[in-house]
Amino acid sequence: MVVVMKLQATETEVEKVQERLEQLGFTSYVIQGVERIVVAAVGDTKVAGPLGLEVLPGVEKVVPIMRPFKLVSREFQSDDTVVTVGGVQIGGSSVVVMAGPCAVETREQMLETAWAVKQAGAKILRGGAFKPRTSPYSFQGLAEEGLKLLAEAREETGMPIVTEVVSPEDVELVAQYADILQVGARNMQNFALLRQVGQISKPILLKRGPASTIDEWLMAAEYILSQGNTQVMLCERGIRNFDSYTRNTLDLSAVPVVKYLSHLPVIVDPSHGTGKWRWVGPMAKAALAAGCDGLMIEVHPRPAEAWSDGPQSLTPARFTYLVGELRSIAGVLQKQI
Ligand code: PEP
Ligand code: MN
C-alpha cells in the first residue's frame with residue numbers, strides 16, 4: 001500500500017506513519033515526490049482489522065497496491081527512476097544508446113569497436129565476457145580476461161561498460177569491473193542471481209526472458225528491488241516465436257505497457273530481438289517512437305568474423321547511419337541522443 005501524506009505534512013508525522021507500519025509488520029519506504037511525500041509499505045497484507053493509518057495526523061489517503069509487484073510499480077513511485085552511471089542518465093530526457101560487440105574477443109576488436117561506437121554517438125559500451133550459449137561447445141566468453149579488456153576500453157574512451165553476469169558466484173568479480181551488470185534473458189528467473197545482484201550498489205540491466213510475461217518480468221525486477229538495489233533497467237529483447245525470418249519477436253507493445261506499469265527505465269535490444277542486422281535499424285527506430293529510454297545494439301567491425309551473433313551485428317558504418325536517423329526521430333519527440 002501507499003500512504004499519501006498531505007502537502008504540509010511534517011517530518012514527525014511521516015515518522016509516526018513509518019512507526020505504525022513497522023508495528024504492523026510492514027517494511028516502509030519514504031519517497032520524496034516532486035510535490036509531496038508518500039510512504040510505501042510492502043509486506044504481508046493479511047493483517048486483520050483496521051490499520052488505523054487514515055486517522056494519523058498528516059495522512060491524506062491510503063491507496064492499496066493491487067498488483068503482484070509493488071516496489072517496481074507506478075503506484076509505489078509515480079516519478080520515473082533515473083539511473084545515473086558515469087555521468088550518463090538513463091530514464092531522463094535523453095535516449096541512451098548502448099553499443100558494442102556481442103562478445104569481447106580480442107583487445108584490438110574491443111578497442112576498435114569502442115572507438116567506432118563512441119564516435120557514432122553511443123554513450124555506453126557493451127560486450128559479453130561471460131556468454132550464456134545454447135550449446136556448451138560454443139565460445140563461452142573470455143571471463144575475467146574479457147572484463148579486463150572492457151575496463152581498458154572504458155579507460156581509453158571514457159564510456160561506462162555494461163556486461164553480463166551469469167551466475168551468483170561471479171557477481172562480486174563482475175561488479176569489480178562493470179558499471180552496469182546485465183542479467184540475461186535466460187537468467188531472468190534465476191532467483192539466486194536476482195537476489196545477489198539486488199545486494200550490490202551498481203545498476204542492473206534486466207532482460208526479459210524469452211518466454212516471459214510482463215508480470216513475470218516485473219516480478220523478477222521486484223526480486224532485485226526487494227534486496228535494496230533500486231537501480232534497475234528493464235530490457236525488452238524479443239520473445240520466442242514460431243517464425244524463422246526473425247530470431248525472436250521484438251515485443252514493442254511492452255514498451256508503453258511497462259512504462260505505464262512501472263517507473264523503471266525501459267531499454268530495447270533490437271539485435272537479439274530480430275537476430276538479423278537488416279531488421280535492427282527499423283526496429284530501433286520503432287522502439288524509439290514507442291517511448292524507450294535507451295537502445296542496446298550489437299556492433300562488430302567485421303560481422304562475418306564475429307565469434308558470436310555476427311548475423312545480427314551492425315558494421316560501424318551502418319551503426320553510424322542509424323544513430324543519425326535516430327537523432328532525427330528523437331528531435332521530433334523532443335528528446336536528445
Ligand atoms: C547478449 O546481450 O549478448 C545476450 C546474450 O542477450 P540475451 O540474454 O537477450 O539473449
Ligand atoms: Mn549477442
Side-chain angles (χ1 to χ4, degrees), residues 96-105 109-110 113 117 122 124-136 138-143 146-147 149-150 161-167 170 174 178-190 193-194 197 203-212 214 216-217 220-221 224 232-241 246-252 254-255 258 266-277 279-280 283-284 287 292 294-315 319:
V96 175
V97 179
M98 311 178 182
C102 177
V104 183
E105 299 167 5
Q109 169 250 14
M110 203 55 234
T113 317
V117 299
I124 293 177
L125 178 65
R126 66 148 285 148
F130 291 91
K131 296 303 303 171
R133 303 306 297 278
T134 304
S135 162
S138 300
F139 172 58
Q140 304 285 311
L142 298 179
L147 297 175
L149 294 175
L150 279 167
I161 52 180
V162 53
T163 194
E164 179 163 356
V165 58
V166 295
S167 68
D170 294 331
V174 177
D179 300 292
I180 302 171
L181 280 76
Q182 173 172 321
V183 172
R186 292 156 192 80
N187 267 319
M188 191 204 82
Q189 283 186 317
N190 179 339
L193 180 62
L194 296 174
V197 297
I204 308 301
L205 185 131
L206 175 65
K207 289 203 160 190
R208 180 180 181 180
S212 297
I214 288 172
E216 286 164 344
W217 187 20
I224 304 175
V232 175
M233 294 164 261
L234 299 162
C235 179
E236 164 61 42
R237 48 76 72 200
I239 46 177
R240 193 170 282 274
N241 61 16
T246 49
R247 182 177 178 181
N248 292 292
T249 290
L250 188 64
D251 180 9
L252 288 184
V255 177
V258 170
V266 177
I267 312 298
V268 172
D269 170 353
S271 306
H272 294 88
T274 62
K276 297 197 177 69
W277 70 265
W279 319 132
V280 170
M283 295 315 281
C292 69
L295 288 159
M296 177 179 257
I297 297 173
E298 287 188 340
V299 177
H300 195 287
R302 289 161 294 280
E305 293 168 25
W307 297 2
S308 68
D309 286 349
Q312 68 192 33
S313 299
L314 296 186
T315 58
F319 177 67

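From a predicted model like this one, the values you see are computed outputs, not experimental measurements. Numbering of ligands and ligand atoms starts at 1, following listing order.
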Could you tell me whether Ala185 and ligand 1 have an N or O pair separated by under 3.5 Å?
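Yes; the residue has a nitrogen or oxygen that sits under 3.5 Å from a nitrogen or oxygen of the ligand.
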For the 3.5 Å polar cut-off, considering only N or O atoms, please tell me whether Lys131 and ligand 1 meet it.
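Yes; at least one N/O pair falls below 3.5 Å.
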Of all the atoms in ligand 1, which lie at a distance below 4.0 Å from a heavy atom belonging to [X]?
| X | result |
| --- | --- |
| Lys207 | 1 (C), 2 (O), 4 (C), 6 (O), 7 (P), 8 (O), 9 (O) |
| Arg186 | 7 (P), 8 (O), 10 (O) |
| Glu298 | 3 (O) |
| Arg237 | 7 (P), 9 (O), 10 (O) |
| Gly184 | 8 (O) |

Going by heavy atoms in the side chains, are [X] and [Y] under 4.5 Å from each other?
| X | Y | value |
| --- | --- | --- |
| Asp309 | His272 | yes |
| Trp279 | Leu250 | no |
| Arg237 | Met296 | no |
| Ile297 | Val280 | yes |
| Cys102 | His300 | no |

For Pro301 and Thr113, work out which heavy atoms get closest and say how close.
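Minimum heavy-atom separation between Pro301 and Thr113: CD-OG1, 3.2 Å.
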Just by modelled atom types, is the Ala103 backbone N or O under 3.5 Å from a matching donor or acceptor in the Gln109 side chain?
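A pair under 3.5 Å: yes.
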Please check: side-chain N/O of Arg126 versus main-chain N/O of Ile161, any donor-acceptor pairing under 3.5 Å?
no
Please write down residue, atom name and distance for the protein heavy atom closest to [atom].
| atom | value |
| --- | --- |
| atom 2 (O) of ligand 1 | Arg126 NH1, 2.8 Å |
| atom 4 (C) of ligand 1 | His272 NE2, 3.4 Å |
| atom 5 (C) of ligand 1 | Glu164 OE1, 3.8 Å |

Looking only at N, O or S atoms in Asp309, which is nearest to the Mn ion (ligand 2)?
OD2
Which atom of Glu298 approaches the Mn ion (ligand 2) most closely (N/O/S):
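Atom name returned: OE2.
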Any Arg208 heavy atom less than 4.0 Å to ligand 1
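Outside the 4.0 Å threshold, so no.
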At a non-hydrogen distance cut-off of under 4.0 Å, which region of Gln182 contacts ligand 1 (side chain, backbone, both, or neither)?
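The answer is the side chain of Gln182.
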Are there more than 12 heavy atoms of other residues, nucleotides or ligands under 6.0 Å from atom CZ of Arg240?
no
